[in-house]
Student: 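This is the structure, below, for whatever I ask next.
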Amino acid sequence: MAPFAPPPHAGVMGPHGPMGPVEAVTHAVNPWVALAYLVAGVCFILALRGLSSPASSRRGNRFGMIGMLIAVVTTLVTHSLATLPEIVGALVIGGGIGFVIARKIAMTDMPQLVAAFHSLVGLAAVLVGLAAYFNPDAFGILLPDGTINPVSRVEMGLGIAIGAITFSGSVIAFLKLAGKMSGAPIMLPGRHVINLGTLVAIIGLVAYFTTDQSIEVIAAITVLSFIIGFLLIIPIGGADMPVVVSMLNSYSGWAAAAMGFTLHNTAMIITGALVGSSGAILSYIMCRAMNRSFISVIAGGFGADDSGSGGGAGAAKSDRPWKRGSAEDAAFLLKEAQNVIIIPGYGMAVAQAQHTLREMSDLLKEEGVNVKYAIHPVAGRMPGHMNVLLAEANVPYDEVFELEDINSEFAQCDVAFIIGANDVVNPAAKSDKSSPIYGMPVFDVEKAKTIFFIKRSMGGVGYSGVDNDVFYMDQTMMLLGDAKKMVEEIIKAI
């Protein structure tokens, strides 16, 4: 590729050489810009702090909105890459689309919406990187000899690579979560060798890009990164989706941070680092909750052995005797109970049963029953999925407990009411060493005096593909059917 023409202006000297016109403007008002970005960064930190608890999540969202407003306004005031009509037009189009989506999206569709948003962040990082490559003078990364600063090339290459991986990986996650693609792992022959080889090639190309800034090199980095994103997520099964969502969230943050270095934008660096690190921490928490290593999740195939179950034992167990209960049975025993623990899962989300479930809980509390909700870290299809649904139904925060805080109470529990959950209550995780979920912390529901288990049919197993011994226990009554309709029938019987 022919060298770029030297900049026509006498640029201000910056850390990477002469600055472009945009960076020179920013440099001239640097103290105020730095202060504004610092305030925005503090707001983002307070946003993460607020989002750590359902009780303070609204306040956290407000801090995030304020911080983003400060960052966007500061960037628009100090940069002149686009005219005011172009900026307003982009804000109106993007804001309008976001508003319509936010108004129409159902809470049950939040996981795939989050995956879709991650894909847009990744695509934005790729486009910004390519824009910097084709117009380096405007980004202040062009040296007097007409070449791009080598340090900026590394930042650009990494930003494009991480952004492309985030985009294509998030597209696959969206398709799996939306049911437009099978949630089962798709195993490609020799996938580990292919993935490792592709990643090594991308890293090598980014390093080579520092000496050769030809369009062929940047194109190869972009294409290979898009490909590896698909290859990494395709073999990951539905049971690992909470980890995948948080992992992609982390990737999107690091992509934004890399582009922040290319753009010399402090706000992007701060925001990207916060999102990237918090997403990585969340991925680690999710992996611990499943007793899985991050590498094993990336390798994929959770619950995907040839038998389709833990150690080949799941399929045959469906022929074992089990007891079917009715809404009247459940209503009678629930009213007579002193302590009831409700364990929601993705089945509740699909049936949109959270509001009727809260109504049932309110009726039980009027009867003097102590009702609590038990939330597993990986219940649902994204981190915090069940918490969000219960908050939408106005379930009091003090009635919702995490696994480690409530697991000891099942021994004194009269009724464990499982609605749409499966893997998170499967005792095979504690007893069957051949099970793919062995070692995953689960609820001790088998210690409850009575178990009501709502699921659509006995024919299916959990998203991990593992059958559940709880179905066949003496104290278990299966309530088969749509979760929302079953709870409505229980409410009528109460």
Student: Scan T75, T74, T271 and name whichever one has a side-chain hydrogen bond (donor to acceptor under 3.5 Å, both in side chains) with Y37.
Tutor: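 With Y37 as partner, T75, T74, T271 yield a single side-chain hydrogen bond (donor to acceptor under 3.5 Å, both in side chains), made by T75.
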Student: Using 0.5 Å steps for rounding, measure from the CD1 atom of I490 to the CG atom of L334.
Tutor: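 Result: 6.0 Å between the selected atoms.
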Student: So, taking the atom named CG in L333 and the one named NZ in K449, what distance separates them when rounded to the nearest 0.5 Å?
Tutor: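 Rounded to the nearest 0.5 Å, the CG-NZ separation comes out at 12.0 Å.
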Student: Tell me if a side-chain donor or acceptor on H118 pairs with a main-chain N or O of M247 at a distance below 3.5 Å.
Tutor: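 Not at all, since once roles are kept as given, no pair shorter than 3.5 Å links the two residues.
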Student: Treating S168 as the side-chain partner and F226 as the backbone partner, does any N or O pair qualify as donor plus acceptor under 3.5 Å?
Tutor: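 Such a contact is found between S168 side chain and F226 backbone.
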Student: For A258 and G159, work out which heavy atoms get closest and say how close.
Tutor: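 It is CB-CA, 3.5 Å.
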Student: Output a table of donor-acceptor pairs, distance under 3.5 Å, between side-chain atoms of residues 349-356 and any protein atom two or more places apart or on a different chain; print 'none' if there are none.
Tutor:
{"from": "Q354", "atom 1": "NE2", "to": "E392", "atom 2": "OE1", "distance (Å)": "2.7"}
{"from": "T356", "atom 1": "OG1", "to": "A353", "atom 2": "O", "distance (Å)": "2.9"}

Student: Checking the side chain of N61 only, and the main-chain atoms of R58 only, is there a donor and an acceptor separated by less than 3.5 Å?
Tutor: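 The answer is no, because no donor-acceptor pair under 3.5 Å joins these two groups.
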Student: Would you please test I228 and N195 for side chain to side chain contact (heavy atoms under 4.5 Å, CB included) and show each step?
Tutor: CA-CA 6 Å; I228 193 61; N195 292 348; 3.7 Å; yes
Student: Count the heavy atoms belonging to other residues, nucleotides or ligands that lie under 6.0 Å from OH of Y397, then report whether that count exceeds 12.
Tutor: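 Correct, the count exceeds 12.
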Student: Is there side-chain contact between N468 and F453, with heavy atoms separated by less than 4.5 Å?
Tutor: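 Yes; the side chains approach each other to less than 4.5 Å.
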Student: Provide the closest heavy-atom pair for I494 versus M360 in the form atom of the first, atom of the second, distance.
Tutor: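 Closest pair (atom of I494, atom of M360, distance): CD1-CG, 4.1 Å.
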Student: Can a donor-acceptor pair be found, under 3.5 Å and without considering hydrogens, that links the side chain of S119 to the backbone of F167?
Tutor: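 Side chain of S119 to backbone of F167, a donor-acceptor pair under 3.5 Å: no, none is there.
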Student: To the nearest 0.5 Å, tell me how far F261 CZ sits from T266 OG1.
Tutor: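 OG1 of T266 is found 9.0 Å from CZ of F261.
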Student: Sequence neighbours left out, what passes side chain to side chain donor-acceptor pair (under 3.5 Å) with S246? Give chain and number order.
Tutor: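 Here the qualifying residues are S283.
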Student: Between F417 and V371, is any pair of side-chain heavy atoms under 4.5 Å apart?
Tutor: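 In short, these two side chains do not touch, never coming nearer than 4.5 Å.
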Student: Mind checking the CG-CD spacing from D362 to E367? Nearest 0.5 Å is all I need.
Tutor: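 Answer rounded to 0.5 Å: 12.0 Å.
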Student: Heavy atoms, side chains only, cut-off 4.5 Å: are N249 and F117 in contact?
Tutor: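 No, too far: nothing below the 4.5 Å cut-off.
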Student: Where is the tightest heavy-atom contact between P441 and H376, given as atom of each residue plus distance?
Tutor: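 Taking every non-hydrogen atom into account, O-NE2, 2.6 Å.
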Student: Got a second to check how far L158's CG is from I221's CD1, nearest 0.5 Å?
Tutor: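 It is 8.5 Å, given to the nearest 0.5 Å.
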Student: Assess whether atom NZ of K365 is packed by more than 12 heavy atoms of other residues, nucleotides or ligands within 6.0 Å.
Tutor: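 Atom NZ in K365 is packed in, count exceeds 12.
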Student: Report the residues that fulfil salt bridge (charged side-chain N to carboxylate O under 4.0 Å, His left out) with K372, sequence neighbours left out, ordered by chain and then residue number.
Tutor: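 So K372 forms a salt bridge (charged side-chain N to carboxylate O under 4.0 Å, His left out) with E409.
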Student: Classify the ring geometry between Y346 and H385 as parallel (under 30°), tilted (30 to 60°) or perpendicular (over 60°).
Tutor: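 Correct class here is tilted.
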Student: Run the ring pair (Phe, Tyr, Trp, His ring centres under 6.0 Å) test against F63 and tell me which residues pass, sequence neighbours left out.
Tutor: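 Counting only residues at least two positions away or on another chain, F63 forms no ring pair (Phe, Tyr, Trp, His ring centres under 6.0 Å).
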Student: Does F410 have any ring pair (Phe, Tyr, Trp, His ring centres under 6.0 Å) partners at least two apart in sequence or in another chain, and if so, which?
Tutor: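 F443.
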Student: Tell me whether the count of non-hydrogen atoms from other residues, nucleotides or ligands lying under 6.0 Å of OH in Y284 goes above 12.
Tutor: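 At most 12 heavy atoms, drawn from other residues, nucleotides or ligands, come within 6.0 Å of this atom.
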Student: What is the distance from atom NZ of K430 to atom CG of D469, rounded to the nearest 0.5 Å?
Tutor: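 One finds 10.5 Å between NZ of K430 and CG of D469.
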Student: Closest approach of M486 and L480, non-hydrogen atoms and distance?
Tutor: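 Scanning both residues, the minimum pair turns out to be CE-O, 3.5 Å.
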Student: Which heavy atom of A115 sits nearest to which heavy atom of L177, and what is that distance?
Tutor: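 So the two residues come closest at CB-CD1, 4.2 Å.
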Student: Determine yes or no for a side-chain-to-main-chain donor-acceptor pair under 3.5 angstrom, with D444 supplying the side chain and K447 the backbone.
Tutor: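 Flag not set: sc D444 to bb K447 has no pair under 3.5 Å.
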Student: List in chain and number order the residues that pass ring pair (Phe, Tyr, Trp, His ring centres under 6.0 Å) with F44, two or more places apart in sequence or in another chain; answer none if no residue qualifies.
Tutor: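 Partners of F44 by the ring pair (Phe, Tyr, Trp, His ring centres under 6.0 Å) criterion come out as none, since no residue qualifies.
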Student: State which residue, out of N387, V424, I375, V395, fulfils the side chain to side chain contact (heavy atoms under 4.5 Å, CB included) condition with P344.
Tutor: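 Among N387, V424, I375, V395, the one that satisfies the side chain to side chain contact (heavy atoms under 4.5 Å, CB included) with P344 is I375.
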